[in-house]
Amino acid sequence: MTRTWTLPVLLVLCGSVVATGLILSGSPGEAAALLLMFILLAGMNSSLVFPRSIDAPEALRRSAADGRPVVYWRPGCKYCLRLRFRLGRAARQLHWVNIWRDPAGAAAVRAANDGNETVPTVVVASRPHTNPDPEWVREQL
(Lines give C-alpha, C1' and ligand atoms only; values in the text may rest on other atoms or scores of the structure.)
Protein backbone atom coordinates (compact mmCIF):
# COMPACT_ATOMS: atom_id res chain seq x y z
CA MET A 1 0.00 0.00 0.00
CA THR A 2 1.42 3.39 -0.94
CA ARG A 3 1.50 6.44 1.23
CA THR A 4 -1.23 8.19 -0.75
CA TRP A 5 -3.74 5.43 -0.02
CA THR A 6 -2.97 4.94 3.67
CA LEU A 7 -4.96 7.87 5.07
CA PRO A 8 -8.09 7.37 2.93
CA VAL A 9 -8.20 3.67 3.76
CA LEU A 10 -7.73 4.36 7.48
CA LEU A 11 -10.51 6.97 7.39
CA VAL A 12 -12.96 4.55 5.78
CA LEU A 13 -11.99 1.74 8.19
CA CYS A 14 -12.34 3.98 11.25
CA GLY A 15 -15.65 5.33 9.99
CA SER A 16 -16.89 1.78 9.43
CA VAL A 17 -15.93 0.70 12.94
CA VAL A 18 -17.60 3.71 14.57
CA ALA A 19 -20.69 3.37 12.34
CA THR A 20 -20.99 -0.31 13.24
CA GLY A 21 -20.93 0.60 16.93
CA LEU A 22 -23.67 3.18 16.38
CA ILE A 23 -25.80 0.70 14.44
CA LEU A 24 -25.43 -1.88 17.21
CA SER A 25 -26.43 0.73 19.79
CA GLY A 26 -29.59 1.53 17.81
CA SER A 27 -28.61 4.71 15.95
CA PRO A 28 -28.60 3.81 12.25
CA GLY A 29 -29.24 7.41 11.12
CA GLU A 30 -26.24 8.72 13.03
CA ALA A 31 -24.18 5.80 11.75
CA ALA A 32 -25.04 6.62 8.13
CA ALA A 33 -24.25 10.32 8.57
CA LEU A 34 -20.95 9.58 10.31
CA LEU A 35 -19.92 7.01 7.72
CA LEU A 36 -20.73 9.46 4.92
CA MET A 37 -18.56 12.09 6.62
CA PHE A 38 -15.63 9.66 6.87
CA ILE A 39 -16.05 8.65 3.22
CA LEU A 40 -16.05 12.31 2.13
CA LEU A 41 -12.89 12.96 4.18
CA ALA A 42 -11.28 9.91 2.60
CA GLY A 43 -12.20 11.17 -0.86
CA MET A 44 -10.73 14.59 -0.17
CA ASN A 45 -7.48 12.96 0.93
CA SER A 46 -7.34 10.60 -2.02
CA SER A 47 -5.36 11.08 -5.18
CA LEU A 48 -8.50 10.15 -7.15
CA VAL A 49 -9.73 13.77 -6.99
CA PHE A 50 -6.80 14.96 -9.09
CA PRO A 51 -5.92 14.32 -12.73
CA ARG A 52 -3.43 11.50 -13.28
CA SER A 53 -0.01 12.37 -11.88
CA ILE A 54 3.21 11.97 -13.80
CA ASP A 55 6.80 12.19 -12.61
CA ALA A 56 8.61 15.54 -12.49
CA PRO A 57 11.01 14.98 -15.41
CA GLU A 58 8.13 13.94 -17.68
CA ALA A 59 6.01 16.91 -16.53
CA LEU A 60 8.85 19.33 -17.24
CA ARG A 61 9.43 17.73 -20.66
CA ARG A 62 5.75 18.04 -21.55
CA SER A 63 5.58 21.59 -20.22
CA ALA A 64 8.56 22.60 -22.38
CA ALA A 65 6.81 21.10 -25.41
CA ASP A 66 3.31 22.53 -24.89
CA GLY A 67 3.88 25.51 -22.56
CA ARG A 68 1.37 24.31 -19.96
CA PRO A 69 2.12 24.79 -16.24
CA VAL A 70 3.31 22.02 -13.93
CA VAL A 71 1.50 21.67 -10.59
CA TYR A 72 3.30 20.01 -7.69
CA TRP A 73 0.75 18.78 -5.14
CA ARG A 74 0.12 16.16 -2.44
CA PRO A 75 -3.01 14.37 -1.22
CA GLY A 76 -4.72 15.95 1.78
CA CYS A 77 -3.52 19.49 1.00
CA LYS A 78 -6.51 21.82 1.32
CA TYR A 79 -4.85 24.43 -0.89
CA CYS A 80 -4.26 21.81 -3.60
CA LEU A 81 -7.94 20.82 -3.35
CA ARG A 82 -8.97 24.47 -3.62
CA LEU A 83 -6.84 24.89 -6.74
CA ARG A 84 -8.14 21.66 -8.27
CA PHE A 85 -11.81 22.47 -7.70
CA ARG A 86 -11.59 26.14 -8.69
CA LEU A 87 -9.91 25.17 -11.97
CA GLY A 88 -12.69 22.72 -12.81
CA ARG A 89 -12.20 21.01 -16.16
CA ALA A 90 -9.22 23.24 -16.95
CA ALA A 91 -7.26 21.23 -14.35
CA ARG A 92 -6.88 18.45 -16.92
CA GLN A 93 -4.77 20.75 -19.08
CA LEU A 94 -2.06 21.04 -16.40
CA HIS A 95 0.73 18.58 -15.69
CA TRP A 96 0.24 17.28 -12.12
CA VAL A 97 3.10 15.85 -10.02
CA ASN A 98 2.30 14.15 -6.70
CA ILE A 99 5.32 14.94 -4.50
CA TRP A 100 4.58 12.00 -2.19
CA ARG A 101 5.03 9.61 -5.11
CA ASP A 102 7.87 11.37 -6.89
CA PRO A 103 11.11 12.19 -5.02
CA ALA A 104 12.27 14.43 -7.89
CA GLY A 105 9.04 16.41 -7.60
CA ALA A 106 9.49 16.78 -3.83
CA ALA A 107 13.07 17.96 -4.40
CA ALA A 108 11.89 20.54 -6.95
CA VAL A 109 9.34 21.90 -4.48
CA ARG A 110 11.94 22.09 -1.69
CA ALA A 111 14.32 23.93 -4.03
CA ALA A 112 11.62 26.47 -4.87
CA ASN A 113 10.43 26.98 -1.28
CA ASP A 114 13.52 27.36 0.93
CA GLY A 115 13.64 23.66 1.79
CA ASN A 116 9.91 23.36 2.55
CA GLU A 117 7.50 21.07 0.73
CA THR A 118 4.91 23.82 0.30
CA VAL A 119 2.21 22.92 -2.19
CA PRO A 120 0.65 23.66 -4.52
CA THR A 121 3.71 24.95 -6.28
CA VAL A 122 2.96 25.84 -9.89
CA VAL A 123 5.81 26.18 -12.37
CA VAL A 124 5.13 28.46 -15.33
CA ALA A 125 7.90 29.17 -17.84
CA SER A 126 10.49 27.69 -15.44
CA ARG A 127 9.41 30.04 -12.61
CA PRO A 128 7.82 28.54 -9.47
CA HIS A 129 4.78 30.15 -7.87
CA THR A 130 3.73 28.93 -4.43
CA ASN A 131 0.00 28.65 -3.74
CA PRO A 132 -1.05 30.94 -6.59
CA ASP A 133 -4.58 32.20 -7.10
CA PRO A 134 -6.56 29.67 -9.18
CA GLU A 135 -7.72 32.41 -11.55
CA TRP A 136 -4.11 33.36 -12.24
CA VAL A 137 -3.31 29.71 -13.01
CA ARG A 138 -6.30 29.54 -15.38
CA GLU A 139 -4.94 32.63 -17.19
CA GLN A 140 -1.62 30.82 -17.74
CA LEU A 141 -3.39 28.25 -19.89
- Message: Going by side-chain contact (heavy atoms from CB on, under 4.5 Å), L94 matches just one of V122, V70, L141. Which one?
- Response: L141
- Message: Is there a side-chain contact between N98 and D102 in this structure, where contact means two heavy atoms from C-beta onward sitting under 4.5 Å apart?
- Response: no
- Query: Yes or no on side-chain contact (heavy atoms from CB on, under 4.5 Å) for H95 and D66, after CA distance, side-chain angles and deciding distance?
  - Reply: CA-CA 10 Å; H95 304 292; D66 62 21; 3.1 Å; yes
- Note on the structure: In short, V119 meets Y79 closest at the heavy-atom pair O-CB, 4.2 Å
- Query: Roughly how far apart are R84 CZ and R86 CZ, rounded to 0.5 Å?
  - Reply: 13.5 Å
- Item | hydrophobic_cluster_shared for F85 and L87, side chain cutoff 4.5 Å | yes
- Item | Validation row: N131, R82 side chains within 4.5 angstrom (heavy atoms) | yes
- Taking every non-hydrogen atom, the tightest pair across A31 and A19: CB-O, 3.4 Å
- Message: Quick check: do R62 and R68 have side-chain heavy atoms less than 4.5 Å from each other?
- Response: no
- Taking all non-hydrogen atoms of both residues into account, name the closest pair between W73 and S53 and its distance. NE1-OG, 3.1 Å
- Task: May I ask you to decide if A59's main-chain N or O and S63's side chain share a donor-acceptor pair within less than 3.5 Å?
- Result: no
- Task: Give a yes or no answer on whether the side chain of W96 reaches the backbone of A91 with a donor-acceptor pair at less than 3.5 Å.
- Result: yes
- Once the angle between the rings of H129 and W136 is folded into 0 to 90°, is it parallel (under 30°), tilted (30 to 60°) or perpendicular (over 60°)? tilted
- Task: State the CG-CG distance between L34 and L22, to the nearest 0.5 angstrom.
- Result: 6.0 Å
- Task: Compare all side-chain heavy atoms of R52 with those of I54 and state whether any distance is below 4.5 angstrom.
- Result: yes
- Do you know the tightest heavy-atom contact between G105 and V97? CA-CG1, 4.1 Å
- Query: Closest heavy-atom contact between P132 and V137?
  - Reply: CG-CG2, 3.5 Å
- Message: Please find the pair of heavy atoms, one from P120 and one from C77, that lie closest to each other, and give the distance.
- Response: CD-SG, 4.3 Å
